[in-house]
A.B. asks: 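Before we start, here is the structure in question, set down as structure tokens.
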Amino acid sequence: MKVLYSWLKDFVDIEDSPEVLSDKLVKAGFEVEEIIDLSQEIQKVVIGQVLSVEKHPDADKLHVCMVNVGDDEPIQIVCGANNVSEGIKVPVCKHGAVLPGGYKIKKGKIRGVKSFGMMCGGSEIGLTEADFEGANDLGLFILPEDSQIGMDINEYIGTNDYILDIGVTANRPDCNSIIGIAKEICAVTNKQFKDYSFNITEVSEKTADVLDVKVENKTLCPRYMAKAVKNIKIEKSSDLIRKRLRLSGLRPINNIVDITNYVLLEIGQPMHAFDTRFIEGNEIIVRNAKDKEEIVALDGETYKLSTSMLAICDSKKPVAIAGIMGGEHSGVVNDTKDIIFESAKFARDNIRRSSRELNLRSDSSARFEKGVDFSTQELAINRAISLLNDGEVLSGCIDTLEKLPEEKTVEFTQNDITKILGIEIENETILNSLNCLCLDTTLENGVFTTLVPLSRDDIEGVNDIAEEVIRLYGYDHIEIKSLPVRGGKSQEQTLQSKIKNLLVSNSMNEIVTYSFTTAKSFDKLNLAQDNKLRNGIKLANALGEDFSVMRTNLVHNMISTIESNYKKGNKEARLFEIAKIYLPKELPLTELPVELDKISLGVYGNDEDFFTLKGVVENIYAMAGLKVTYERANVEFLHPGISANVIFNGEVIGKFGQVHPDVQKNYGIKTKLYVAELDLSAIIDNYTVIKPFKAIPKYPAIDRDIALIMKEDVAVGDIMNYISDFHKLIEDVTLFDIYQGDQIAKGMKSVALSVVYRDNDKTLKIEETNNLTDKLLKKLEEQFNAKLRL
Amino acid sequence: MKEKINSLIAQCKKSVENATDLKDIKEIKQTYVGKSGEFTKLLKGLRDVPKEERPEAGNLINKGKMEALDYINKAEQEIANKEKLEKMKSETIDITLPGKARSIGTLHPLTQVKEEIIDIFAGLGFSVKEGPEIETDFFNFQALNIPLDHPARDMQDTFYITENILLRTHTSPMQARTMQVEQPPIKIVVPGKVYRSDDDATHSPMFQQIEGLYVDKGVKLVDLKATLDQFAKKFFSSESRTRFRPSYFPFTEPSVEVDVSCICGGEGCRLCKGTGWIEILGAGIVNPKVLDNCGIDSKEYSGFAFGIGIERLAMMKYSIPDMRILFENDVRFLKQYK
């Protein structure tokens, strides 16, 4: 529901800014989806007066004008409109002005003459002739003589206002109206609703004298009200009505149609106006349509009705599709004098179905689909009559409803409310809250009685009452007394599972090994005598020497597991374990030791080498979003030339590589094997759980392949890192070949790299990448003594 | 003229019948219905026909041309179809050859069973906690109402490191650790490794447990039964039932052993040794002394606790005869649990 802020003020005194008011509405259950500041569309446009008009020296159709815009000095404006003349007042864009559609007006020169702004026609500030006389695209929008020079044009045309876009929930159809929202505002700001007071003069002739109404299907039309007015004149609506309709997004048409639309917005009751001349037989019959009965609706289309649809008919033909759209040949036209206002309640499901079936939707059907209650039909008629400027209002209304339904009452106690909310709310607060919401409530002997108005169809029992109370009292008052239990894994546990699943998808099989091991394992791993990893915690009553020390690493168990698999004749395996190691703070233990989670990896077989293991390691850190680097490792049990440390933020958080040939021998394994031990906590603590969205590049990349000759001991990783960081246009660098052999000198190697250039803002030019590549090659030669292979 | 046309059509049909591939057809098309084909020649020859006969003759020629074209097109379609089928036939492969995907790895069956149990309890609102494996005597025993020199200590063969520091014999210490720092409601499961000095076909010195603890106002034995019944129905089958048998644990009162109905449906089989029931865990109402030891008012709160052996359930689920197989980590065994 889009609500014009200033319109609300007819019914409630608003002291709050739209923002503050929105907060209050949101807390009461009405989500304000957007506050639209209408004045933002047009900026720096003021009313100015043309002081002088002279011909442009170089252009026949242009004029050079001096315009008073209320500043100290008049400004010069070059203008091409042919209705410009001395003395007129017009909207003037000053330098820096903004017009609807985001157009900016700046000072400049037109055919050599300086112009400090622009004078506007109506269409340029979003108006039409229907909004304001003279507001068109034919020339300047000439304003009345008494307009105030310097006034912001927003003020003049009414756009110094706001639209609140309020989400109305399906249980509150009554709030799809200005008065519905206004009543809620009264409740949340503790203000009195400023109700209508109608003062209607009627002639002695009765509506019943000129019209008869019969409702054949009271289920689909529970109420039909009609009132006749004679001798009205079809003309333009008042400025206020036109302005409000326009700002609410409706096109003003004529005084009568505008009134029905105005009432729809204000009260939420769809209305229709018939020209009495076109109602044949002076009767309106509300009945189901006949099969394939045809009607030309106001949109000019012919619709074939079916028997499930409700039609408004005169004695001969349908004159409207009930609740959806009037007929073309029965509505108000320019020479209409006598009219009948219709204000009815139709069954919402039927309107919804018919509207879908006909594929015809209107503001009226949209409103009926949400549900219209019994409280608005008469109100709407009275409001419509009160908005008429002339005409003779016939006395009395035709109303097919014999008696309004009874207002419901709900009885409850304070305890009932407490049971639902879990907090105790004082009697006084309950009374106040409900009465503020126009839910007439009394308290007697501890029992509350609420009289539910017809407009609040949604309130059925004490749960609904409890909701009304708490939404006004404030959900902030619900204090948690006992914390509900939050089940499930912690984030750390979830991430650990993710890592395990990643390893499984890398063909790794999980192993589970004992937490205790033998002290001989330290020797088998060739650990130096002073290595801290030798400080294992010893059990006092171990099952045997083999199970006597709590492990300080996972590598031994991994190599042992590979040993047993190898000795059983298994030719290959990819294994992992996630488990704890136990490091004492001092020995013998005086306090509990540190227990650290580690990931251990182990692979062997024909297809395995350092890089197949490194690929798995890289995958782990890539998934976790850790930017790690690798440097050569110096670990007793790893091959010194084929092992690496994983570095993150300057710290070693893992090591991996080929098992040292001596260690391999210690375990009696006759094939190469590769192991890793990584800190789990380093990964989990730095895990990027939510990876931010990166836009898919819009512009094409350019690939450049380069082959470089360098000494064989130069680290390719260093070169690749250097290239990656070389320029922001370099998106990626990948290795695709390393060659050593006959073609090149001994002690040298050829490294072939593919460099991807991309500019995220535009399509790259070949020359740009050529230049960059030349610079890059020069630098690579300086830094690494790497030369382009020719 | 008519004869000429008919013979031309007959000729054309004959060439089409002799055509073997699309190239032949293309040539025939050019010869007869192409830009300078036979029919076009006939049309050009109309100049020599008397004026009054021309419309009819032209009509005949065009009809003839259409007939020939239809015939050629039909044949072209047939040959094209045939060639397509032949091509696809020649592309036929042996679909029984193995696929080319890289083999997937496996989670250890113990992990799979553990995760399944955790998921079930997480769904019932339990949060997952973990604690240290090297524990103090206080948390492992005393806080759980097992004082020093209590005969109940004999129930669990404990690995000691020092007099006061040991390898936890169950995951129950996390009950005490949690209750010391949190107030009810507490609803946790604690998976983890535990250690007892036992080593044979049904016992391993290291094994895994999942501890459960629920403390709140008004937690009753029926809640324990309902929770474990839910667990059994999800873990085993929706037909499963549970049964409580009286038992003794120092930290619960009353204490029960919980049996689940055997998959044999109660008829008796090797797995249940003919009883129709299989013991899966120990449980009970938390002994008020334990609550008080941990700083929770036992007059206001009550709770239940249970401990499940993961190896036991894994062995049951996968019919693994010897617990030691679980720790041998033979890849041929591991790869079975994809």
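A note on names: the letters A, B, ... follow the listed sequences, proteins ahead of strands, and every chain is numbered from 1. FYI, side chains are in, hydrogens and waters are out, and symmetry mates aren't considered; it's all heavy atoms of this structure.
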A.B. asks: What part of A:T513 lies closer than 4.5 angstrom to a heavy atom of chain B: side chain, backbone, both or neither?
C.D. replies: both
A.B. asks: State the CD-CD1 distance between A:E591 and B:I165, to the nearest 0.5 angstrom.
C.D. replies: 8.0 Å
A.B. asks: What part of A:K538 gets closer than 4.5 Å to chain B, counting heavy atoms only: side chain, backbone, both or neither?
C.D. replies: backbone
A.B. asks: Tell me whether the count of non-hydrogen atoms from other residues, nucleotides or ligands lying under 6.0 Å of NZ in A:K614 goes above 12.
C.D. replies: yes
A.B. asks: Give, as side chain, backbone, both or neither, the part of A:N541 having an atom under 4.5 angstrom from any heavy atom of chain B.
C.D. replies: both
A.B. asks: Between CG of B:L107 and CG of A:N509, what distance do you get to the nearest 0.5 Å?
C.D. replies: 9.5 Å
A.B. asks: Of the backbone (N, CA, C, O) and the side chain (C-beta and beyond), which part of B:K129 lies under 4.5 Å from a heavy atom of chain A, both, or neither?
C.D. replies: backbone
A.B. asks: Given that the side chain runs from C-beta out, which part of B:Q183 has a heavy atom under 4.5 Å from chain A: side chain, backbone, both or neither?
C.D. replies: neither
A.B. asks: Might you point out which heavy atoms bring B:K193 and A:A579 nearest each other, and give the distance in Å?
C.D. replies: NZ-CB, 3.6 Å
A.B. asks: Within the 4.5 Å heavy-atom criterion, are A:V512 and B:M206 side-chain neighbours or not?
C.D. replies: yes
A.B. asks: Can you sort out the partners of B:T171 under side chain to side chain contact (heavy atoms under 4.5 Å, CB included), two or more places apart, ordered by chain and number?
C.D. replies: B:R168, B:V190, B:V194, B:Q209, B:E211
A.B. asks: Taking side chain as everything from C-beta outward and backbone as N, CA, C, O, which of these in A:S497 sits under 4.5 Å from a heavy atom of chain B? Side chain, backbone, both or neither.
C.D. replies: side chain
A.B. asks: In terms of heavy-atom proximity below 4.5 Å to chain A, should B:T162 be classed as side chain, backbone, both, or neither?
C.D. replies: side chain
A.B. asks: Got a second to check how far A:L543's CG is from B:F159's CZ, nearest 0.5 Å?
C.D. replies: 4.0 Å
A.B. asks: Identify, with sequence neighbours excluded, every residue that meets side-chain hydrogen bond (donor to acceptor under 3.5 Å, both in side chains) alongside B:Q230.
C.D. replies: none
A.B. asks: Is the closest side-chain heavy-atom distance between A:K568 and B:R332 below 4.5 Å?
C.D. replies: yes
A.B. asks: Identify which part of A:I537 has an atom lying under 4.5 Å from any heavy atom of chain B, answering side chain, backbone, both or neither.
C.D. replies: side chain
A.B. asks: Between A:E595 (side chain) and B:E133 (backbone), is there a donor-acceptor pair under 3.5 Å?
C.D. replies: yes
A.B. asks: Examine whether an atom of A:Y514 lies under 4.5 Å from a heavy atom of chain B, and if so say whether it belongs to the side chain, the backbone or both; otherwise answer neither.
C.D. replies: both
A.B. asks: Which bit of B:I161 is near chain A, if near means a heavy-atom gap under 4.5 Å: side chain, backbone, both or neither?
C.D. replies: both
A.B. asks: Do side-chain atoms of A:N565 reach the backbone of B:V331 as a donor and acceptor pair under 3.5 angstrom?
C.D. replies: yes
A.B. asks: For the residue pair B:A122 and A:G488, what are the closest heavy atoms and their distance?
C.D. replies: CB-CA, 3.7 Å
A.B. asks: Quick one: are the ring centres of B:Y195 and A:F516 less than 6.0 Å apart?
C.D. replies: yes
A.B. asks: To the nearest 0.5 angstrom, please state how far the CG atom of B:N329 sits from the CE atom of A:M558.
C.D. replies: 8.5 Å
A.B. asks: So which part of A:L575 gets closer than 4.5 Å to some heavy atom of chain B, the side chain, the backbone, both or neither?
C.D. replies: side chain
A.B. asks: Could you tell me whether the side chain of B:E115 reaches within less than 4.5 Å of the side chain of A:K489, counting heavy atoms only?
C.D. replies: yes
A.B. asks: Counting only heavy atoms closer than 4.5 Å, note whether A:S515 contacts chain B via side chain, backbone, both or neither.
C.D. replies: both
A.B. asks: To the nearest 0.5 Å, tell me how far A:L503 CG sits from B:T106 OG1.
C.D. replies: 11.0 Å
A.B. asks: Indicate the atoms forming the closest heavy-atom contact of A:Q493 with B:V128, along with that distance.
C.D. replies: NE2-O, 3.0 Å
A.B. asks: Calculate, to the nearest 0.5 Å, the distance between atoms CG and CD1 belonging to B:L110 and A:I511 respectively.
C.D. replies: 12.5 Å
A.B. asks: B:L334, B:D330, B:L326, B:L124: which one forms the most heavy-atom pairs within less than 4.5 Å of chain A?
C.D. replies: B:D330
